[in-house]
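All chains are named by letter (A, B, ...) in the order of the sequence lines, taking the proteins before the strands, and each is independently numbered beginning at 1. Below, all heavy atoms of this structure are taken into account, side chains as well, without hydrogens, waters or symmetry copies.
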Protein chains: 2
Amino acid sequence: MSTMTLLPVIDAAACCAPLTRDPLTQAQADDLARSLKAIADPARLRLISIIAASEGQEACVCDLTEPLNIGQPTVSHHLKVLTEAGFVTRSKRGTWAYFKLVPGALDSVARLLVTA
Amino acid sequence: MSTMTLLPVIDAAACCAPLTRDPLTQAQADDLARSLKAIADPARLRLISIIAASEGQEACVCDLTEPLNIGQPTVSHHLKVLTEAGFVTRSKRGTWAYFKLVPGALDSVARLLVTA
DNA sequence: GCAGAACATCGATGAATGTCAATATTCGAG
DNA sequence: CTCGAATATTGACATTCATCGATGTTCTGC
């Protein structure tokens, strides 16, 4: 596969004032929408919340597959989406893949939504 | 049509701790995902930002159709989505329809994302 | 090296979604 | 009441997306 082609959340958020200050350009709207789409899914929100509640804000896929009632390939897919969007990072230790929250990523998005 | 069937944002947000505090239930995840989906679109984000930057945080459809480069029916559709999700309200004055930001609606969602 | 476990990728499928053109509705002016 | 302007609704279409089963890949233990 190629290099990291996608939208780090932090970058999309660091540059701009809250969306309620000035009209967004098309490009800004595209970036923010991409970040929001990545978390606008029940399964991905639950994944984030479980990871966040885990020790070190890190969890292995084996801890995430069972409580969501969805298949392992689907969990893997959702984690990939979250990773490419910059909300979590992946690190493999042995056979296990651990996913960790990127500190400040969610906050960056939240800051853009806040009214002034 | 029936009564207000849909998800006021404020309700979805008022009840819960940030999603990084405890694992979300399926129902909580569904609610938050619905709110996020409503704003996870470039056109709708731009609509919100234009409305927010207008006097009284209120704008008429005629002011929204032109700057977005999308057709009037599409603008109308997006405004309906935002209205049903509780981010804006609609009030008709004469032939014109004015859409106004619901104070605190965006902030409610933002609060749920913050890593506190 | 081999078997099994953990995870990722692929291909397919059904559902949801953004957009448009055409049409309907509602309102003010005359 | 009629006409035109502003907005909403409808129906259609192409695209995206969540999910699954099957398969591939990579690591560990023996």
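- When the options I39(A), L79(A), V81(A), V88(A) are evaluated for a side chain to side chain contact (heavy atoms under 4.5 Å, CB included) with L47(A), the one that passes is L79(A).
- For the pair S49(B) (side chain) and L24(A) (backbone), a donor-acceptor distance under 3.5 Å is present.
- Side-chain atoms of F87(B) and L101(B), non-hydrogen and from C-beta on, never get closer than 4.5 Å to each other.
- Residue K92(B) places none of its side-chain N or O atoms closer than 4.0 Å to OP1 or OP2 of dT26(C).
- Between S76(B) and dA8(D) there is a side-chain polar atom (N or O) within less than 4.0 angstrom of OP1 or OP2.
- Atom CD of Q28(B) and atom CG of D22(B) lie 8.5 Å apart (nearest 0.5 Å).
- For the pair E84(B) CD and dT17(C) P, the interatomic distance rounds to 11 Å; values are reported in whole Å.
- Non-hydrogen atoms lying under 4.0 Å from DNA chain D are contributed by C60(B), V61(B), C62(B), all within residues 52-65 of chain B.
- Of the side-chain N and O atoms in R90(A), one or more sit less than 4.0 angstrom from OP1 or OP2 of dA8(C).
- Atom CZ in R34(B) sits about 14 Å away from atom C1' in dA16(C), given to the nearest Å.
- Rounding to the nearest 0.5 Å gives a distance of 12.5 Å between CD1 of I51(B) and CZ of R44(B).
- Using a 4.0 Å heavy-atom distance criterion, F99(B) is classed as a sugar-phosphate-only contact.
- Put simply, CH2 on W96(B) is 14 Å from P on dA8(D), counting in whole angstrom units.
- Note: CZ (R46(B)) to P (dT19(C)) measures 11 Å, nearest angstrom.
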task: Any chance you could list the contact pattern along nucleotides 18-24 of chain D? Use B for base contacts, S for sugar-phosphate-only contacts and - for none, protein heavy atoms under 4.0 Å, 5' to 3'.
output: SBBBB--
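- Electrostatic pairing of R34(B) and E84(B) does not count as a salt bridge here, judged by no charged N lying under 4.0 Å from a carboxylate O.
- Note that CG of L106(B) and CZ of R111(B) are 11.0 Å apart. Values are rounded to the nearest 0.5 Å.
- In this structure, CG in D41(B) is found 11.5 Å from CZ in R46(B), a value given to the nearest 0.5 Å.
- With a 6.0 Å cutoff to the six-membered ring centre and a 45° limit on the axis angle, R90(B) does not count as a cation-pi contact of Y98(B).
- Following rounding to the nearest Å, Y98(A) (OH) and dA6(C) (C1') show an atom-to-atom distance of 11 Å.
- Residue I39(B) contributes atom CD1, which lies 17 Å from atom C1' of dG18(C) at whole-angstrom precision.
- If you find the closest nucleotide of DNA chain C to T95(A) and to K80(A), the one lying nearer the 5' end belongs to T95(A).
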